[in-house]
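Data first, discussion second: the structure below is written as structure tokens.
Numbered from 1 within each chain, the chains take letters A, B, ... in sequence-line order.
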Protein chains: 2
Amino acid sequence: MDKTKRTRLEAAGWRVGDASDFLELTAEEAAFVELKIALADYLRDIRVQHGWTQTYVARALGSSQSRVAKMEAADASVSVDLLVKSLLTLGASRKQVGQVIARAA
Amino acid sequence: MDKTKRTRLEAAGWRVGDASDFLELTAEEAAFVELKIALADYLRDIRVQHGWTQTYVARALGSSQSRVAKMEAADASVSVDLLVKSLLTLGASRKQVGQVIARAA
DNA sequence: CGAGGATATGTCAGATACGACATACGCGTC
DNA sequence: GACGCGTATGTCGTATCTGACATATCCTCG
């Protein structure tokens, strides 16, 4: 497995199986996490392209800077729900969100 | 607004503003609900096409028949998270999920 | 080297979503 | 009508997610 991707997945809190120091995900779990990461990256792209800070986005979403940071990191504590809602609130269209999800890893 | 769609939205628990008997959603809220309904419909399509019962699907997902019913109804108590995870578990690809979301209403 | 702004990480109380169960509804078949 | 099967709806205890706060890390500019 790609090293940075593995780190990314671990950072997202998806270390599975305490006994093993390896990352074991079923195909669906992996697909789900990758999907989440794609949305997270898209959120960051939108923010950076507009030159916004996490604090600014947080205010726009009625949330906090720390949560925005976790969203962008695809932290295990953030749901796809929150990511999608946030993207829509920031102006992304349903179509764009779908395309981001559909795009192959 | 289309009548069946309105009923659908109300059924989904999105009646907003207790004082008004009308459905008032911001553009993002509307997009979010429609997105959810699209996933819900897709879930039902997959189930029906395979000739599965809700009970069977529930067992496959490690859930209950009532929750599957609520998923298909795009009930307010089900998250996009759950819908996406369920679709992936039932064999849908990330790409298919994205296409369903991207498809215009 | 600070200082200050931006981002990351850890934690927590309150909010929400979860599976499960009970029960109601619809619709065939007898 | 009464049963059986599938689906819908309501509720509940628990698990997970959320915004908020504190604090740490990372840059860049002076």
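One finds a salt bridge joining R94(B) and E34(A) here, because a Lys/Arg side-chain nitrogen approaches an Asp/Glu carboxylate oxygen to under 4.0 Å.
Along DNA chain D, read 5' to 3', the first and last nucleotides having any atom under 4.0 Å from a heavy atom of chain A are dC17(D) to dC21(D).
Closest of all the heavy-atom pairs between A92(B) and I46(B) is CB-CD1, 4.2 Å. Taking each heavy atom of L82(B) and S86(B) in turn, the nearest pair found is O-OG, 2.7 Å. Closest approach of A40(B) to L83(B), counting heavy atoms only: CA-CD2, 4.2 Å. Contact between D81(A) and V80(B) at its shortest, heavy atoms only, is OD1-N, 2.5 Å. Taking all atoms of both residues into account, the shortest heavy-atom contact from S93(A) to L88(A) is C-CD2, 4.0 Å.
Every residue was checked against the side-chain hydrogen bond (donor to acceptor under 3.5 Å, both in side chains) condition with S79(A), not counting sequence neighbours, and none meets it. Every residue two or more places apart in sequence or in another chain was checked for a side-chain hydrogen bond (donor to acceptor under 3.5 Å, both in side chains) with R67(A), and none qualifies.
The terminal axes of the helix from dC1(C)-dG30(D) to dC30(C)-dG1(D), fitted over 5 pairs per end, subtend an angle of 30° to the nearest 10°.
For the salt bridge (charged side-chain N to carboxylate O under 4.0 Å, His left out) condition, the pairs that include at least one residue of residues 46-62 of chain B, sequence neighbours left out, are R47(B)-E72(B).
Checking side-chain atoms of K70(A) against main-chain N and O of Q65(A) turns up no donor-acceptor pair under 3.5 Å.
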Treat primed atoms plus P, OP1 and OP2 as sugar-phosphate and everything else as base, then score nucleotides 8-24 of chain C 5' to 3': B for base contact with protein heavy atoms under 4.0 Å, S for sugar-phosphate contact only, - for none.
BBBB-----SBBBB---
